[in-house]
Protein chains: 2
Amino acid sequence: MDAEERKIPSHEVTYARLRDMILYGHLAPGAPVTIQGLIADLGAGMTPVREAIRRLTAEGALLPQGNRRVAVPQLSSEMLDQVAFARLAIEPKLAELAGGRLTPAQIDRLEAIDGKVNRAIEAGCLSDYLAANHAFHFALYKAAEAPVLLDLARSLWLRAGPSLRAVIARYGRETAPDLHREALAAMRSGDAKALAGAIERDIQQGVDHVRQSLAESS
Amino acid sequence: MDAEERKIPSHEVTYARLRDMILYGHLAPGAPVTIQGLIADLGAGMTPVREAIRRLTAEGALLPQGNRRVAVPQLSSEMLDQVAFARLAIEPKLAELAGGRLTPAQIDRLEAIDGKVNRAIEAGCLSDYLAANHAFHFALYKAAEAPVLLDLARSLWLRAGPSLRAVIARYGRETAPDLHREALAAMRSGDAKALAGAIERDIQQGVDHVRQSLAESS
DNA sequence: TGCTGGATAATTTGATCAAATTTCTTGAAC
DNA sequence: GTTCAAGAAATTTGATCAAATTATCCAGCA
């Protein structure tokens, strides 16, 4: 397994690891992210860590504090509104574009991923759920072949990531309508518009969850 | 003037310089951006240059080629469509948000900046025009107090930047309706919706220009 | 056309310097 | 005598640079 990693630069690996920590809510909002701390935790050199932090700062996943430190941002209500607006503007479009290009094999793959999502919900494993949900959305979005919009979506998910941690408390989302299933049905029938609509409602649902969690914790 | 710069970290200065080079079309699309080259050109150290490149890569202003080099991206027609879609989704919203918060003093400032835009057009100085046009839009967007959307807009302008160079060829845009003036009128009357509409048409006009330029040069 | 060696550039590490935060001490006031 | 606060020392952390390593590119040759 070392033979593969040897080809990937260390700063890419470090970036991916830090990104996933943020994306899956392993870092608390407001927690300081220090270079030295990551060197110790990830066992990486200084330069790779610096670059990972810079990249994620540029993507909005980390917030520079006035002094020259960075921290995990705490999403305020206003920022959540902005993220929600942008996600609702970008991601349904990605879904619509993807809708016209999906092959049956890709739909099968998405259905398999959605199975993982449901299993994670049943097992009550939030970490798995967040990873599988992310995989589902981005496997779909990647099919749109729209790299610019894909990058924007990635940035927006990163901004929302740390706050998903707050959802841990109110983790009873099985009652909500399963919009992934609706999306899959739209894919099978080749209805790109319906697919976009399902994704739009899925996003809205997720944002409402986070908004309620933030309201409760404040 | 050195007393002020001494407080700003070198990697910030390097980032700003490289960003402006991209933003104002000083770098040709497809041109390779090397670390060593920037060390020589900007007279900066290696670490600041690396970080500037990473940041701009994360923002989509530079594109990593499979080998470990980066280059200024050439906007394809598909990518331009994506940038246009995202800009039209985000920036009118920023204008609308700003519309409700603009003070008369801020509007005066915007009018002054627009004067610079017009003077640059009359003088036929593209570089000044691009800088002033950028300043006009972002002075307005900053008033929206929506940092997330502002970051997205910045990223989108960076992606479009290098291709504005192509507009040099067909630099006769005085004939187009002056949408900045319309926008200023909407600001004065406090009509946020009209302001958003003016900005939307301004973006559309700019995108059409770039699209035609790309079509001609291909 | 395919391969090999030199040149070039990117990656990574470690060392050094500068800034910021924390802690400790000292002095004064209550 | 105790407590609070201001200031200084020490520690932690970030910024920058230079050298060593490694991967990639390119030219010459079989």
Side-chain angles (χ1 to χ4, degrees), chain A residues 1-19 21-22 26-74, chain B residues 1-22 27-74:
Chain A
M1 70 180 201
D2 201 38
E4 298 162 11
E5 287 179 14
R6 201 170 302 161
K7 291 219 158 189
I8 302 174
S10 166
H11 66 262
E12 290 283 353
V13 177
T14 306
Y15 164 78
R17 291 225 275 164
L18 183 53
R19 182 201 55 199
M21 286 170 68
I22 296 169
H26 292 180
L27 265 49
V33 175
T34 71
I35 293 177
Q36 313 275 349
L38 288 177
I39 289 173
D41 292 350
L42 302 180
M46 179 178 299
T47 306
V49 168
R50 283 185 72 85
E51 298 191 3
I53 289 178
R54 288 272 177 271
R55 271 177 80 174
L56 287 162
T57 305
E59 290 172 330
L62 294 173
L63 206 61
Q65 324 235 265
N67 42 5
R68 41 189 187 174
R69 315 256 167 117
V70 297
V72 181
Q74 330 207 27
Chain B
M1 68 179 199
D2 199 39
E4 298 162 11
E5 286 180 15
R6 202 170 303 161
K7 292 218 160 190
I8 303 174
S10 166
H11 67 262
E12 290 284 351
V13 177
T14 306
Y15 165 79
R17 291 225 275 165
L18 183 52
R19 182 202 56 197
D20 287 351
M21 285 169 68
I22 296 170
L27 264 47
V33 174
T34 69
I35 293 176
Q36 308 286 342
L38 288 177
I39 289 173
D41 292 351
L42 301 181
M46 178 178 298
T47 307
V49 168
R50 283 186 71 86
E51 299 192 3
I53 290 177
R54 289 274 177 268
R55 266 177 84 172
L56 287 162
T57 305
E59 290 173 332
L62 295 172
L63 205 60
Q65 325 241 272
N67 41 2
R68 41 193 187 173
R69 317 250 166 121
V70 297
V72 181
Q74 330 207 27

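Note on naming: letters A, B, ... go to the chains in the order of the sequence lines (proteins, then strands), and numbering restarts at 1 for each one.
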Checklist outcome for this item: Rounded to whole Å, the CD-C1' distance (A/Gln36 to C/dA15) equals 13 Å
Checklist entry - Which whole-number value in Å describes the distance from B/Glu51 CD to D/dG14 P? => result 12 Å
Item to check | Between B/Arg55 and B/His11: side-chain donor-acceptor atoms closer than 3.5 Å | outcome: no
Item to check | N/O donor-acceptor pair under 3.5 Å between A/Arg17 side chain and A/Leu42 backbone | outcome: yes
Checklist entry - To the nearest Å, how far apart are A/Gln65 CD and D/dG14 P? => result 11 Å
Checklist outcome for this item: Assert: residue with more 5' nearest nucleotide on DNA chain C, out of B/Thr47 and B/Ile35, is B/Ile35
Item to check | Whole-Å distance separating the CZ atom of B/Arg68 from the C1' atom of D/dT22 | outcome: 6 Å
Item to check | Shortest non-hydrogen contact from A/Met21 toward A/Leu27 | outcome: CE-CD1, 3.2 Å
Checklist outcome for this item: All heavy atoms of A/Gly45 vs all of A/Ile39, minimum pair found to be O-CG1, 4.0 Å
Next on the checklist: Tell me the interatomic distance from B/Ile39, atom CD1, to C/dA10, atom P, rounded to whole angstroms.
Outcome noted: 8 Å
Next on the checklist: With a 4.0 Å cutoff (strictly under), does any side-chain N or O of B/Arg54 reach OP1 or OP2 of C/dT11?
Outcome noted: yes
Item to check | Distance in angstrom units between B/His11 NE2 and C/dC17 C1', rounded | outcome: 16 Å
Checklist entry - Is the distance from OP1 or OP2 of D/dG14 to the nearest side-chain N or O of A/Asn67 less than 4.0 Å? => result no
Checklist entry - Does A/Arg50 have a side-chain nitrogen or oxygen under 4.0 Å from the phosphate oxygens OP1 or OP2 of D/dA15? => result yes
Checklist entry - What's the CG-C1' distance between A/Leu38 and D/dT12, to the nearest Å? => result 15 Å
Item to check | Distance in angstrom units between A/Arg69 CZ and D/dT11 C1', rounded | outcome: 11 Å
Item to check | Nearest-neighbour nucleotide for the A/Met46 side chain, C/dA15, C/dT13, D/dG14 considered | outcome: C/dA15
Checklist entry - Which atom names give the shortest non-hydrogen contact between A/Ile35 and A/Val49, and what distance separates them? => result O-CG1, 3.8 Å
Checklist entry - Heavy atoms under 4.0 Å, any strand shown: does B/Thr34 hit a base, just sugar-phosphate, or nothing? => result sugar-phosphate
